[in-house]
Amino acid sequence: MPAQKPTEARRLPQRQRGYERVAALLEAAASCFVEKGYDGATMTEIAARAGAAIGSLYQFFPTKEALAHALIENYAQSLFAEVAKLAERSEDLDTNALAIQLSTFLVTFRRRHPAFVMLVESGPVPAADGMSIRRRLRAELQALLTRRAPHRSTDDMYAVAVTVQQMMKAAVAIQAEPAMPGRQKAISQLQRAMQLYLHDVFGE
């Protein structure tokens, strides 16, 4: 018998009150996951923190895994929406400003959504799903950067997107390392490296 998918048997809200309840449950789950870890958080604690009956939680999210996947879906949508907004703003940014925006993008997003980090890196999300998010982000970056370098080939701009994505992740690693001396100087140097790289890519 095939395993039940996380979204199966999940009740979807029909009215505004239902949407508000689901939002409260997701917010409570995010807090619990960050504080206790995925394995340590319990459905009972999540319901209590949301001020909801445990039965209400199970109606909307029959398993803790379904709850975690709903959170990941929401975070992924927010991530790509923010990339789209940056793509729109990029028309008005010079290369140096765009480089700074890109180099701080993941750091800022992860700071605002700590549960996303925890669930993707150590929660129930399959490696394939995490890779799917990274590949989608890479494709969005490629589209954004190609606007500024339409003269470059698709293969070239894919390689550029990979490089930029890795530089963004490097900023995350610098920010995440505990008690790093000279952290801000390292971030500034990474931003400068991103600026020089993009000037070269755009032929400026």
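For the single chain, residues carry numbers from 1 onward in sequence order.
- Atom CD in Q191 sits 8.5 Å away from atom CE in M194 (nearest 0.5 Å).
- Taking a cutoff of 4.0 Å between a charged side-chain nitrogen and a carboxylate oxygen, E177 and R183 do not qualify as a salt bridge.
- Contact of the I46 side chain with the I54 side chain is not registered, since no non-hydrogen atoms from C-beta on lie closer than 4.5 Å.
- Between R148 and D94, the shortest heavy-atom distance links the atoms NH2-C, 3.6 Å.
- By the rule that hydrophobic residues join a cluster once side-chain heavy atoms approach within less than 4.5 Å of another member, L93 and V83 end up as members of one cluster.
- Sorted by first then second residue, the ring pair (Phe, Tyr, Trp, His ring centres under 6.0 Å) pairs that include residues 25-47, not counting sequence neighbours, are F33-Y38.
- Residue pairs meeting the ring pair (Phe, Tyr, Trp, His ring centres under 6.0 Å) criterion with at least one partner in residues 183-204, sequence neighbours excluded, do not occur; the list is empty.
- A heavy-atom distance below 4.5 Å is found between the side chains of L79 and F105.
- The closest donor-acceptor contact from the side chain of K64 to the backbone of A41 lies under 3.5 Å.
- Contact annotation: the side chain of L57 approaches that of L67 to within less than 4.5 Å [non-hydrogen atoms, C-beta and beyond].
- For the pair T146 (side chain) and Q142 (backbone), a donor-acceptor distance under 3.5 Å is present.
- Atoms CD and OG1, from Q195 and T95 in turn, are 9.0 Å apart once rounded to the nearest 0.5 Å.
- When hydrophobic clusters are built by joining Ile, Leu, Val, Met, Phe, Trp and Tyr residues whose side-chain heavy atoms come closer than 4.5 Å, directly or via intermediates, L106 is grouped together with M180.
- The distance from atom NE2 of H151 to atom CG of D156, rounded to the nearest 0.5 Å, is 9.0 Å.
- No more than 12 heavy atoms of other residues, nucleotides or ligands sit less than 6.0 Å from atom CD of E27.
- Of the charged side-chain nitrogens involved, at least one lies within less than 4.0 Å of a carboxylate oxygen, so that E82 and R112 count as a salt-bridged pair.
- Under a 4.0 Å N-O distance rule, the pair R49/E35 qualifies as a salt bridge.
- One finds the CG atom of L25 at 8.5 Å from the CE atom of M43 (value rounded to the nearest 0.5 Å).
- To the nearest 0.5 Å, atoms CG (L137) and CD (E140) are separated by 8.0 Å.
- Judged purely by distance below 3.5 Å, without hydrogens or angles, the side chains of Q101 and R89 pair a donor atom with an acceptor atom.
- Linking ILVMFWY side-chain heavy atoms closer than 4.5 Å, directly or via other members, places M157 and L86 in a single hydrophobic cluster.
- Although no hydrogens or angles enter the test, the distance criterion places a donor-acceptor pair under 3.5 Å between the side chain of R152 and the main chain of V201.
- When atom types are taken as modelled, the side chain of S90 and the backbone of A87 share a donor-acceptor pair closer than 3.5 angstrom.
- For the residue pair L26 and A70, the shortest heavy atom distance occurs at CD2-CB, 4.0 Å.
- Annotation: side chain of V107 is not in contact with side chain of I174 (no heavy-atom distance under 4.5 Å).
- We find the CG-CG distance between L145 and L98 to be 6.5 Å, quoted to the nearest 0.5 Å.
- By the 4.5 Å heavy-atom criterion applied to side chains, S103 and M167 are not counted as neighbours.
- Side-chain contact between Q175 and R111 is present, with at least one heavy-atom pair separated by less than 4.5 Å.
- Scanning both residues, L71 and A29, for their nearest heavy atoms gives CD1-CB, 4.0 Å.
- Cluster membership for V162 and L144, using ILVMFWY side-chain heavy atoms within less than 4.5 angstrom, is not shared.
- Side-chain rings of Y75 and F109 stay apart, their centers remaining 6.0 Å or farther from each other.
- At a threshold of 4.5 Å between non-hydrogen side-chain atoms, the residues L141 and L102 count as touching.
- Geometrically, R136 engages F80 in a cation-pi contact, judged by NZ or CZ lying under 6.0 Å from the ring centre and within 45° of the ring axis.
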